[in-house]
Colleague: 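I'd like to ask some things about the structure below.
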Amino acid sequence: MRYQFVGTSELTQTPAVAVVIDVMRAFTVAAWVFARGAEKIVLASSEDEALALKRRHSEWIAVKDGAPSDGFDEVNSPARIAASDLTGRTVVQKTKAGTVGALAVADAPLALCASFLVADATARFVRAHQADQVTFVVTGDDGRADEDLACAEYIGHCIGSDSVDVAPYLQRARYSDAAADLTEGLHRGYKGIHVDDVDYCLEVDRFPFAMLVSREGPLTVLRPVAVAVE
């Protein structure tokens, strides 16, 4: 199996198999959304679209990057989402990087979103499909974010092996620019960050599901798919 690692802006065609990575924090949040019982995540292309969906479906939960904002129910913080009860709910998510990458490959025959929390399940799901090539879409910092590259490389190695030491990859993520930015934001009193967010983003293989992207009518939807232990 061959792998390539590209930024969202570097996609020139729709890949056959795409794994979209956003460790800090979109797809760590998404994993927790499903762990807290949500049925699906609708990926919005803009905050205006997210708010329009929320107006049409008042029971849906709208989540965005940045500080709390009128019309949105929650911010893109895994520690905050982990404390929520989302049983049976639909969540609308809009972020600056992760959701943009997912929307860019939504027409792929197989598209998944991932973070460290679902790395092993994602690797096993891809392995079961016996793809010739996997395109990892590294969404942070236009394809250069080391926490996303580390996670992508870890998943890639897990596809080919059942025994991969995750420690070096987590080390890169912990000392990445994104982790430093979150810590700096906390020091400045930024309202969209929880003190535990970085630690939540560095949990490995916490959940036994992959997160599958698909088109459902006019919507692009993310759903959890249980992956059996081999």
Side-chain angles (χ1 to χ4, degrees), residues 8 20-106 113-115 117-118 137 139-142 145 147-148 178-179 181-201 203 207 211-224:
T8 304
V20 188
I21 308 293
D22 190 326
V23 170
M24 296 188 186
R25 295 169 286 171
F27 300 140
T28 297
V29 166
W32 271 106
V33 164
F34 293 130
R36 298 303 295 152
E39 176 186 349
K40 65 179 181 287
I41 296 173
V42 176
L43 303 173
S45 61
S46 67
E47 291 187 12
D48 286 344
E49 181 188 8
L51 291 174
L53 287 166
K54 172 73 175 179
R55 286 193 294 270
R56 291 200 296 272
H57 306 276
S58 60
E59 73 280 10
W60 288 11
I61 303 295
V63 176
K64 66 178 282 291
D65 268 339
S69 179
D70 289 345
F72 286 88
D73 302 283
E74 193 50 273
V75 296
N76 192 48
S77 161
R80 290 175 58 148
I81 291 295
S84 304
D85 180 1
L86 301 173
T87 303
R89 307 296 288 273
T90 292
V91 171
V92 181
Q93 187 181 34
K94 169 67 182 89
T95 69
K96 298 179 181 69
T99 60
V100 175
L103 289 166
V105 298
C113 294
S115 61
L117 276 70
V118 294
V137 182
T139 62
D141 197 18
D142 199 24
E147 75 283 359
D148 291 344
D181 287 345
L182 288 174
T183 301
E184 178 64 20
L186 279 172
H187 292 159
R188 294 184 177 184
Y190 191 62
K191 300 297 185 182
I193 304 170
H194 189 282
V195 66
D196 294 325
D197 275 352
V198 171
D199 287 338
Y200 271 71
C201 292
E203 290 190 277
F207 303 124
M211 300 188 294
L212 185 65
V213 183
S214 63
R215 299 285 195 190
E216 297 185 13
L219 303 178
T220 300
V221 174
L222 190 61
R223 291 183 183 271

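From a predicted model like this one, the values you see are computed outputs, not experimental measurements.
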Colleague: Can you give me the closest heavy-atom contact between Gln93 and Val29, atom names plus distance?
Modeller: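 Nearest heavy atoms, Gln93 then Val29: NE2-CG1, 3.8 Å.
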Colleague: Check the side chains of Arg215 and Thr220 for a donor-acceptor pair under 3.5 angstrom, ignoring hydrogens and angles.
Modeller: yes
Colleague: Only one of Asp73, Ile81, Val92 passes side-chain contact (heavy atoms from CB on, under 4.5 Å) with Ile61; say which it is.
Modeller: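 Considering Asp73, Ile81, Val92, a side-chain contact (heavy atoms from CB on, under 4.5 Å) with Ile61 is found only for Asp73.
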Colleague: Using side-chain contact (heavy atoms from CB on, under 4.5 Å) as the criterion, point out the one residue from Ile193, Val198, Val75 that pairs with Arg25.
Modeller: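 Exactly one option meets the side-chain contact (heavy atoms from CB on, under 4.5 Å) with Arg25, and it is Ile193.
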Colleague: Evaluate the side-chain proximity of Val118 to Phe27: yes if any heavy-atom separation is below 4.5 Å, no if none is.
Modeller: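 Phe27 vs Val118: side chains apart.
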Colleague: Are any side-chain N or O atoms of Lys64 and backbone N or O atoms of Ala67, one a donor and one an acceptor, separated by less than 3.5 Å?
Modeller: yes
Colleague: Can you tell if the side chain of Leu117 reaches within under 4.5 Å of the side chain of Trp32, non-hydrogen atoms only?
Modeller: yes
Colleague: Does a donor on one side chain and an acceptor on the other come within less than 3.5 Å for Asp85 and Thr87?
Modeller: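 Present: a donor and an acceptor within the cut-off.
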Colleague: Looking at Arg223 and Glu39, does any basic side-chain N land under 4.0 Å from a carboxylate oxygen?
Modeller: yes
Colleague: May I ask you to test the Thr139-Ile21 pair for a side-chain heavy-atom distance under 4.5 Å?
Modeller: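 No - every pair of side-chain heavy atoms lies 4.5 Å or more apart.
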Colleague: Can Val91 and Leu86 be said to form a side chain to side chain contact (heavy atoms under 4.5 Å, CB included), step by step?
Modeller: CA-CA 8 Å; Val91 171; Leu86 301 173; 4.3 Å; yes
Colleague: Within the side chain of Asp148, is there an N or O that forms a donor-acceptor pair under 3.5 Å with the backbone of Gly140?
Modeller: yes
Colleague: Mind listing the closest non-hydrogen atom pair of Ala44 and Lys94 along with its distance?
Modeller: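 Closest pair (atom of Ala44, atom of Lys94, distance): O-CD, 3.2 Å.
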Colleague: Measuring from Thr28:OG1 to Phe207:CZ, what's the distance to the nearest 0.5 Å?
Modeller: 9.5 Å
Colleague: Would you say Cys113 and Asp22 make side-chain contact, with heavy atoms under 4.5 Å?
Modeller: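 The answer is no; the side chains never approach within 4.5 Å.
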Colleague: Going from CG on Asp197 to CZ on Arg80, what distance comes out if it is rounded to the nearest 0.5 angstrom?
Modeller: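 With rounding to 0.5 Å, CG (Asp197) is 9.0 Å from CZ (Arg80).
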Colleague: Side chains of Cys201 and Pro78: does their closest heavy-atom pair fall under 4.5 Å?
Modeller: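 Of all side-chain heavy-atom pairs linking Pro78 with Cys201, at least one is under 4.5 Å.
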Colleague: Taking the side chain as every heavy atom from C-beta outward, state whether Leu182 and Met24 have any pair of such atoms under 4.5 Å apart.
Modeller: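 A side-chain contact exists here, since the closest heavy-atom pair is under 4.5 Å.
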Colleague: I need the minimum non-hydrogen distance between Lys54 and Gly71, along with the two atoms involved.
Modeller: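 Scanning both residues completely, I find the closest heavy atoms to be CG-O, 4.0 Å.
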Colleague: I'd like to know whether Val42 forms a side chain to side chain contact (heavy atoms under 4.5 Å, CB included) with Thr90, so could you lay out the CA-CA distance, the side-chain angles of the two residues, the decisive distance to 0.1 Å, and finally the verdict.
Modeller: CA-CA 7 Å; Val42 176; Thr90 292; 3.8 Å; yes
Colleague: Could you tell me whether the side chains of Thr95 and Asn76 share a donor-acceptor contact shorter than 3.5 Å?
Modeller: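 Result is no, nothing qualifies.
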Colleague: Less than 4.5 Å apart, any side-chain heavy atom of Phe72 and any of Glu47?
Modeller: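 Yes, side chains in contact.
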Colleague: Quick one: closest heavy-atom pair of Lys191 and Pro68, and the distance?
Modeller: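 The answer is CB-CD, 3.6 Å.
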Colleague: Would you list the pairs meeting salt bridge (Lys or Arg N to Asp or Glu O under 4.0 Å) in which at least one residue belongs to residues 29-38, sequence neighbours left out?
Modeller: none
Colleague: Flag the pair Ile41 / Phe34 as yes when at least one side-chain heavy-atom distance between them is below 4.5 Å, and no otherwise.
Modeller: yes
Colleague: Could you state the interatomic distance from CH2 (Trp60) to CG (Leu53), rounded to the nearest 0.5 Å?
Modeller: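 Output value for this atom pair is 5.5 Å.
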Colleague: Could you pull out the closest heavy-atom pair between Ser77 and His194, with the gap in Å?
Modeller: OG-CB, 3.5 Å
Colleague: What do the steps show when you test Leu43 against Val221 for side chain to side chain contact (heavy atoms under 4.5 Å, CB included), and what is the final call?
Modeller: CA-CA 6 Å; Leu43 303 173; Val221 174; over 6 Å; no
Colleague: What's the separation between atom CG in Asp199 and atom CD in Glu203, rounded to the nearest 0.5 Å?
Modeller: 8.0 Å
